[in-house]
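Basis for what follows: all heavy atoms, side chains included, without hydrogens, waters or symmetry-related copies. Naming: A, B, ... by sequence-line order, numbering from 1 per chain. Quick caveat, the model's predicted, so the values are computed rather than measured.
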Protein chains: 2
Amino acid sequence: MKAESKYQNKYDSCNLTYALNVVGGKWRLPILWALYKHDILRYNELKRAIEGITNMMLTQSLKELENHGIVHRKQYMEIPPRVEYSLTEDGKDLIPALIALAKWGKQIKEKNKRD
Amino acid sequence: MKAESKYQNKYDSCNLTYALNVVGGKWRLPILWALYKHDILRYNELKRAIEGITNMMLTQSLKELENHGIVHRKQYMEIPPRVEYSLTEDGKDLIPALIALAKWGKQIKEKNKRD
DNA sequence: CAGCATCCTACCGGATACTG
DNA sequence: CAGTATCCGGTAGGATGCTG
């Protein structure tokens, strides 16, 4: 895991930077959001839910989220393969913070529109 | 203003993505945090507070934050030039959300360490 | 079905030097 | 003091094709 190296400097006095590195990136939030709404999704369901994402990006993002303990991956040993993804408890803990942020985002987004 | 173009897709159902684009980037949070702690800072004070940042990055980040209405820029017309930066009300509104996120960041950061 | 390997490219962030 | 202008490299993100 080196995703956070770039942003890791002594100014992340708080752990904010760490959090942002975990949920940052182009597809992490859409993934998290989809899992939040649907609870459990299979790989291809996720891919369809997040239209526009490629296998590469989905796999990569999922793996990183999983490594951070935010997403849970359950693999069934059968043919054809079946893998289900869901939020872990830590992942769910994140949601309120995200909602707060989203609320603020909406607030300033609308102000910026009026300019 | 094009910073958010890249992340702007129809999956930012919530306004989260927007918020992250405003606050994302390498130096925005350190700047915001410094302004939060010190209330008002001049350009060079900011630069010193955020050791490692270059003029380019500082100027650029400040301008974007200002354009988003998060940072207030007050310029005194005198020689030598004096410019003071501070958080706007919208900027201050952001702080609680950031703190929530930071708290979560700390939580999972410590879990990840134990792995 | 679920995912990996490769290759490629745009752009973010940085170093350096200059200015009103 | 408070910035701009230019140039540049690394890396996040993407296109495409293959596999157990």
Side-chain angles (χ1 to χ4, degrees), chain A residues 1-9 11-12 17 20-31 34-35 40-67 71-86, chain B residues 1-9 11-12 17 20-31 34-35 40-67 71-86:
Chain A
M1 196 81 20
K2 54 169 275 298
E4 61 270 15
S5 57
K6 187 172 171 193
Y7 290 85
Q8 208 69 296
N9 58 40
Y11 307 108
D12 56 352
T17 320
L20 278 198
N21 289 325
V22 172
V23 297
K26 186 165 180 181
W27 299 106
R28 309 252 178 90
L29 282 178
I31 291 174
L35 288 178
I40 296 182
L41 286 175
R42 297 179 60 172
Y43 182 89
N44 273 327
E45 288 174 334
L46 255 177
K47 193 180 169 189
R48 263 174 264 119
I50 308 170
E51 203 178 332
I53 196 171
T54 62
N55 282 326
M56 261 263 68
M57 287 298 104
L58 181 53
T59 305
Q60 204 175 92
S61 306
L62 280 173
K63 196 172 297 179
E64 283 158 0
L65 290 172
E66 191 195 350
N67 286 337
V71 160
H72 177 66
R73 188 191 123 111
K74 182 168 185 184
Q75 178 167 10
Y76 296 85
M77 282 312 190
E78 46 186 57
I79 306 290
R82 179 153 64 110
V83 180
E84 291 177 348
Y85 291 94
S86 56
Chain B
M1 194 89 11
K2 57 168 276 298
E4 61 269 16
S5 59
K6 186 174 171 192
Y7 291 86
Q8 207 68 298
N9 58 41
Y11 307 108
D12 55 351
T17 321
L20 278 198
N21 289 325
V22 171
V23 153
K26 185 165 182 183
W27 298 106
R28 309 249 179 91
L29 282 179
I31 291 174
L35 287 178
I40 297 182
L41 286 176
R42 298 178 59 171
Y43 182 88
N44 273 328
E45 288 174 335
L46 256 177
K47 194 179 168 189
R48 263 175 263 119
I50 308 170
E51 203 179 333
I53 195 171
T54 62
N55 282 327
M56 261 262 67
M57 288 298 103
L58 181 53
T59 304
Q60 204 175 93
S61 306
L62 280 173
K63 198 171 295 180
E64 282 158 0
L65 291 172
E66 191 195 350
N67 286 337
V71 160
H72 177 66
R73 189 191 124 110
K74 182 168 184 183
Q75 179 167 10
Y76 296 84
M77 283 311 191
E78 46 186 57
I79 306 290
R82 179 153 63 110
V83 180
E84 291 178 347
Y85 292 93
S86 56

Between D:dA12 (P) and B:L20 (CG): distance, integer Å
17 Å
Does the distance from a Lys or Arg side-chain N to an Asp or Glu carboxylate O, for B:R28 and B:E64, drop under 4.0 Å?
yes
Between D:dG17 (C1') and A:M56 (CE): distance, integer Å:
12 Å
Would you mind reading off the distance between A:Q60 atom CD and C:dT6 atom C1', rounded to a whole angstrom?
13 Å
With a 4.0 Å limit, can you tell me whether B:R42 has a side-chain N or O closer than that to the phosphate oxygens OP1/OP2 of D:dA2?
yes
Distance in angstrom units between A:E84 CD and C:dC1 C1', rounded
13 Å
At under 4.0 Å, does any side-chain N or O of A:K47 touch on OP1 or OP2 of C:dG3?
no
Measure CD1/B:I50 against C1'/C:dG13 and give the value in whole Å, please.
15 Å
Between A:Y43 and B:M57, which residue's closest nucleotide on DNA chain C lies nearer the 5′ terminus?
A:Y43
Would one find a side-chain N or O of B:Y85 under 4.0 angstrom from OP1 or OP2 of D:dG3?
yes
Picking from D:dG20, C:dG13, C:dG3, which would you name as closest to the side chain of A:P81?
D:dG20
Find the distance A:N55:CG to C:dA2:P and express it as a whole number of Å.
11 Å
Options D:dT6, D:dA2, D:dG13, nucleotide nearest the side-chain atoms of B:R82:
D:dA2
Smallest separation among heavy atoms of A:S61 and A:I31, with atom names:
CB-CD1, 3.5 Å
Per atom distances to the A:W27 side chain, the nearest of C:dG14, C:dC4, D:dG14 is D:dG14
Figure out the NZ/C1' separation between B:K26 and D:dG10, and round it to whole Å.
11 Å
Carboxylate-amine/guanidinium contact A:E45 A:K47, below 4.0 Å:
no
To the closest 0.5 Å, what do you measure between CE (A:M57) and NZ (A:K26)?
9.5 Å
Would you indicate, yes or no, if C:dC4 has its OP1 or OP2 atom less than 4.0 angstrom from a side-chain nitrogen or oxygen of A:K63?
yes
Counting only side-chain heavy atoms from C-beta out, which of C:dA17, C:dA2, C:dG14 sits nearest to A:V83?
C:dA2
Just the rounded figure in Å: distance from C1' of C:dC1 to NZ of A:K74.
18 Å
So, is B:R73 close to the D:dG3 phosphate, meaning a side-chain N or O under 4.0 Å from OP1 or OP2?
yes
Could you work out which one of C:dC1, D:dA2, D:dT4 sits closest to the side chain of A:N44?
C:dC1
Indicate the atoms forming the closest heavy-atom contact of B:S86 with B:I40, along with that distance.
CB-CG1, 4.0 Å
Closest to side chain of A:T54, choosing from D:dA2, D:dA15, C:dG3
D:dA15
